[in-house]
Amino acid sequence: ETVINVSNTPLYDHPEFYNSIKQNEITLVLDGVDKLPKSIQKNKSIRHLRFVNSNIQDSILENYPHIRSIDVQSENQKLNKIVYAFPKLRKFGYQGGESFDLNLEPLKKLRVLSLKGMQVNLEHLLNQGVKLHTIRLKEAGLKEIPRQLANLKKLQILDVSENELASYIIKPKEFENLKQLDIRGS
C-alpha cells in the first residue's frame with residue numbers, strides 16, 4: 001500500500017498529479033482540509049481516504065464509488081452525508097467527539113466498523129449492521145459487553161477495549177461466530 005499526503009501542497013487539487021498515479025492501491029491522507037479534491041473522483045487507484053483534523057462539508061461530497069475505506073480522525077467532521085458519497089465502503093473508522101448515530105443503511109458492503117471515544121446508538125447499529133464482521137468500540141463508555149451485538153450473526157471480531165466493563169460474561173451460544181474478543185484495558 002502506498003500512502004500519499006498532499007495536504008497543504010500545490011498538488012492537493014492538481015488533476016495532472018492524480019492522473020500520474022498508477023499504483024494499484026493508494027491511501028490518500030487529507031490533513032486539515034475542508035473539501036475533497038475533485039481530481040480523486042476519477043482516479044481508481046485511490047481506494048482509501050484518511051481525514052485528519054478535517055471538516056469536509058456535506059454539500060460538496062459527491063459520489064466516489066471506488067473508495068473502499070475511510071478513516072476519520074477529526075472531532076469537527078460531520079458524518080451526515082458521508083455514507084452517500086462512498087456507496088461501496090467496506091471499512092469505516094471514526095475517532096471524534098460526537099455520538100455515533102449514523103444511518104449505515106446505504107453502506108451495503110460495510111464489513112468493518114471502528115469507533116473510538118464516542119457513545120454509540122446500538123439500536124441504530126443493529127438495524128443496519130447485519131453484514132458487519134468486525135466491530136471496534138474503543139473508549140465508548142461501555143459498562144458491559146452489549147448483548148444486542150449477538151444479533152449480528154456475521155460478527156467475528158469484537159473489540160471493546162479501553163472501556164469501563166464491569167462484566168465480561170459472554171455466552172458462546174449468543175456469539176456463535178465470534179472468533180476474537182478484545183477487552184484489554186477494561
Side-chain angles (χ1 to χ4, degrees), residues 1-3 5 25 27-31 47-56 67-186:
E1 172 188 12
T2 303
V3 177
N5 188 336
E25 212 163 301
T27 296
L28 184 65
V29 179
L30 301 167
D31 190 347
R47 295 296 184 106
H48 314 283
L49 294 177
R50 187 177 311 140
F51 301 118
V52 181
N53 301 318
S54 297
N55 188 9
I56 308 293
I67 301 295
R68 298 293 185 258
S69 75
I70 295 178
D71 184 20
V72 179
Q73 300 170 9
S74 176
E75 292 190 14
N76 298 321
Q77 182 63 57
K78 300 295 181 204
L79 304 173
N80 300 347
K81 294 183 182 175
I82 208 164
V83 294
Y84 297 104
F86 306 99
K88 295 188 179 177
L89 210 58
R90 294 174 190 252
K91 182 178 177 185
F92 181 70
Y94 182 65
Q95 179 177 333
E98 65 182 49
S99 62
F100 189 81
D101 194 10
L102 185 65
N103 179 3
L104 299 173
E105 187 88 33
L107 301 177
K108 303 288 186 204
K109 298 190 178 283
L110 189 66
R111 301 297 180 264
V112 178
L113 180 65
S114 300
L115 305 173
K116 184 174 181 179
M118 68 190 63
Q119 300 291 323
V120 178
N121 180 337
L122 289 174
E123 293 304 317
H124 208 55
L125 179 64
L126 294 174
N127 291 338
Q128 295 139 4
V130 292
K131 294 188 177 181
L132 288 171
H133 66 68
T134 301
I135 296 179
R136 292 184 172 86
L137 301 173
K138 292 184 174 189
E139 297 177 24
L142 297 174
K143 305 288 186 210
E144 63 183 21
I145 297 171
R147 293 271 179 270
Q148 303 98 315
L149 295 178
N151 294 330
L152 300 175
K153 299 302 180 196
K154 299 201 183 265
L155 186 62
Q156 296 177 11
I157 299 171
L158 178 59
D159 180 349
V160 290
S161 61
E162 302 173 36
N163 278 286
E164 303 161 14
L165 299 178
S167 171
Y168 304 102
I169 300 171
I170 286 191
K171 297 176 183 172
K173 289 182 181 177
E174 286 181 334
F175 290 90
E176 58 191 52
N177 291 319
L178 196 62
K179 293 182 178 17
Q180 181 180 334
L181 174 65
D182 189 346
I183 56 174
R184 288 175 291 151
S186 294

- [ ] Compare every heavy atom of Leu132 with every heavy atom of Val112, then report the nearest pair and how far apart it is.
- [x] N-CD2, 3.9 Å
Task: Where Leu165 and Ile145 come nearest, the two heavy atoms and their spacing - done: CD2-N, 3.9 Å
Atom pair [atom1]/[atom2] of [X] and [Y] - distance to nearest 0.5 Å:
X: Arg47; Y: Arg90; atom1: CZ; atom2: CZ; value: 8.5 Å
X: Leu89; Y: Ile70; atom1: CG; atom2: CD1; value: 4.5 Å
X: Lys116; Y: Met118; atom1: NZ; atom2: CE; value: 10.5 Å
X: Leu158; Y: Leu137; atom1: CG; atom2: CG; value: 6.5 Å
X: Leu115; Y: Ile135; atom1: CG; atom2: CD1; value: 8.5 Å
X: Lys91; Y: His48; atom1: NZ; atom2: NE2; value: 8.0 Å

Could you list the residues that satisfy side chain to side chain donor-acceptor pair (under 3.5 Å) with [X], not counting sequence neighbours?
X: Gln73; answer: Asp71
X: Gln148; answer: none
X: Asn53; answer: none

Task: Partner residues of Arg147 under the salt bridge (charged side-chain N to carboxylate O under 4.0 Å, His left out) criterion, sequence neighbours left out - done: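 Salt bridge (charged side-chain N to carboxylate O under 4.0 Å, His left out) check on Arg147 returns Glu174.
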Open item on the list: I need the full list of side-chain hydrogen bond (donor to acceptor under 3.5 Å, both in side chains) pairs touching residues 134-146, with sequence neighbours left out, sorted by first then second residue.
Closed with: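 Qualifying pairs, neighbours excluded: Lys143-Glu164.
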TODO: Can you sort out the partners of Asp182 under side chain to side chain contact (heavy atoms under 4.5 Å, CB included), two or more places apart, ordered by chain and number?
DONE: Asp159, Ser161, Arg184
Open item on the list: Any side-chain to backbone donor/acceptor pair from Asn177 onto Lys154? Under 3.5 Å, distance only.
Closed with: no
Open item on the list: Using side-chain heavy atoms (C-beta onward) and a distance below 4.5 Å, is Phe86 in contact with Leu49?
Closed with: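 Yes, side chains in contact.
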